[in-house]
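Worksheet: one structure, shown below.
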There are 2 protein chains.
Amino acid sequence: MIVPTSYRTHPSPLESGLRLDGKRMTPQRKRVLSLFEEIGSGIHLSAEEVHSKLTSSGERVSLATIYRTLKLLVKMTFLNELDLSEGGNRFELLSHDHPDHHHLICIRCGRTEEFENNEVINAGKAAAKNFGFKLLESSLNVRAVCPLCINK
Amino acid sequence: MIVPTSYRTHPSPLESGLRLDGKRMTPQRKRVLSLFEEIGSGIHLSAEEVHSKLTSSGERVSLATIYRTLKLLVKMTFLNELDLSEGGNRFELLSHDHPDHHHLICIRCGRTEEFENNEVINAGKAAAKNFGFKLLESSLNVRAVCPLCINK
DNA sequence: TTCAATGTTGCAAGCAGTTCTCATTACGCT
DNA sequence: AGCGTAATGAGAACTGCTTGCAACATTGAA
Ligand SMILES: [Mn+2]
Ligand SMILES: [Mn+2]
Ligand SMILES: [Zn+2]
Ligand SMILES: [Zn+2]
């Protein structure tokens with residue numbers, strides 16, 4: 001068996017995406033995306049939460065960079081940005097299995113559940129078509145109180 | 001014909017709503033609600049817009065009072081608060097004919113169209129029921145680009 | 001391997017929208 | 001008219017986020 005003398009490591013999707021836009025791979029960017037990949041989809045983190053998760057595990061990243069990186073990762077379609085209207089916006093790994101899910105939010109404790117519903121997707125499409133708008137995205141937020149919070 | 005010597009004017013819905021809560025009727029509160037009633041439903045104003053509409057027509061109201069009054073009128077169900085996620089939150093007269101409409105927003109110029117859709121309402125109800133949450137409200141925001149904004 | 005070009009970071013200042021503090025004003029009741 | 005207390009105005013404060021800038025790090029070329 002022949003062992004190559006040098007490894008040509010495949011650039012990650014992040015790295016190649018950055019490259020063809022003249023952007024650079026940095027440890028900060030790798031760490032932010034890795035965090036989301038490690039915790040998996042279905043978790044919705046604020047910028048502050050991302051920041052404290054990284055710094056409390058010894059990484060040195062500034063909050064400004066977190067904001068810049070999250071915005072970049074959203075533009076690159078690695079992440080999805082949610083406006084759940086309680087506290088700051090939240091970010092989640094964009095899962096290509098469930099790209100169009102919606103959120104049920106407990107306004108007391110923040111617990112957030114996901115659900116999918118095609119009628120909702122179609123309602124958005126229909127509304128845009130009706131008025132001649134070009135659809136970008138539609139999001140249904142259901143504000144509610146969860147069982148644990150229901151009695152005070 | 002007998003002309004009464006004193007008129008007992010009916011208290012407005014605003015006034016009676018305030019009364020039974022120990023709250024007081026003020027010119028500011030009357031003006032803010034009147035503004036929405038005059039422009040009619042289907043108009044979505046930010047706090048700043050409410051403020052400048054009132055002050056530019058000669059009224060003296062502070063922005064802090066606008067915010068306080070808007071919140072109060074929402075709690076009293078005269079107004080509805082929208083989180084359209086571009087710029088600040090917006091407020092509209094709560095029309096009892098179309099209580100549960102949704103919004104299609106042009107992210108370029110802010111133009112906002114309304115639409116109703118029962119499947120969406122049901123989707124929210126179903127999601128809440130499924131997870132045992134007590135539903136408060138569900139809002140579908142469709143972000144899009146309007147015909148006038150579509151070519152740059 | 002070195003180096004220059006330029007993209008990226010950290011920090012602090014800035015900003016937009018909203019809430020809060022507190023002294024003053026003014027409803028509403030008698 | 002007078003009193004108790006709710007509401008207002010003015011500005012400070014706060015939150016979530018963005019930006020300007022000097023120092024720094026990555027990349028590609030030499
Ligand atoms: Mn989600
Ligand atoms: Mn509306
Ligand atoms: Zn809860
Ligand atoms: Zn437009």
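In what follows, chains are A, B, ... by sequence order, proteins preceding strands, each numbered from 1. Reckoned from all heavy atoms, side chains included, excluding hydrogens, waters and symmetry mates.
The nearest whole Å value for the distance from the CD atom in E49(B) to the P atom in dA16(C) is 15 Å. In this entry the distance linking CG of L18(A) with P of dG28(D) reads 12 Å, nearest Å. Here the C1' atom of nucleotide dA7(D) and the CG atom of L33(B) are 17 Å apart, to the nearest Å. Going from atom NE2 of H51(A) over to atom C1' of dT15(D) covers 16 Å, rounded to whole Å. What separates CD of E81(B) from P of dT19(C) is a distance of 8 Å, to the nearest Å. Spacing between atom CG of L72(B) and atom P of dA6(D) amounts to 14 Å, rounded to whole angstrom units. Per the geometry, CG belonging to L63(A) stands 11 Å off C1' belonging to dT18(D), to the nearest Å. One interatomic measurement links the two molecules: CG of D21(B) to C1' of dA6(D), which rounds to 12 Å at whole-angstrom precision.
A close approach under 4.0 Å does occur between a side-chain nitrogen or oxygen of R29(B) and OP1 or OP2 of dA7(D). A close approach under 4.0 Å does occur between a side-chain nitrogen or oxygen of K71(A) and OP1 or OP2 of dT18(D). Between dT9(C) and T26(A), a contact under 4.0 Å exists linking OP1 or OP2 to a side-chain N or O. The side chain of Y67(B) contributes no N or O atom lying less than 4.0 Å from OP1 or OP2 of dT19(C). Applying the 4.0 Å criterion to OP1 and OP2 of dA7(D), one finds that T65(B) has every side-chain N and O outside that range.
Using bins of under 30°, 30° to 60° and over 60° for the plane-to-plane angle, the ring pair H103(B)/H44(B) lands in the perpendicular bin.
Taking 4.0 Å as the cut-off between side-chain N and carboxylate O, R143(A) and E86(A) count as a salt-bridged pair.
Checking dT18(C), dA12(C), dG7(C) against every side-chain atom of A64(A), the shortest atom distance belongs to dA12(C). Of the listed nucleotides (dA7(D), dG28(C), dT9(C)), dA7(D) has the atom at the smallest distance from the side chain of K23(B).
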**Request:** May I have the step-by-step check of salt bridge (Lys or Arg N to Asp or Glu O under 4.0 Å) for K53(A) and E59(A), ending in yes or no?
**Result:** CA-CA 9 Å; K53(A) 273 187 196 296; E59(A) 322 278 2; over 6 Å; no
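D21(B) places no side-chain N or O within 3.5 Å of a backbone atom of K23(B) that could act as its donor or acceptor partner.
Comparing A47(B) and E15(B) along DNA chain C, the residue whose closest nucleotide (by nearest heavy atom) sits nearer the 5' end is A47(B). In terms of position on DNA chain C, the residue among M25(B) and R60(A) whose nearest nucleotide sits closer to the 5' end is R60(A).
When heavy atoms are screened at a 4.0 angstrom cut-off, Q28(B) is found touching the sugar-phosphate backbone but no base atom.
Judged by distance alone, with hydrogens and angles left aside, R68(A) brings a side-chain donor or acceptor within reach of the base of dG20(D), the pair sitting under 3.5 Å.
Residues T65(B) and S62(B) bring a donor and an acceptor atom of their side chains to less than 3.5 Å of each other.
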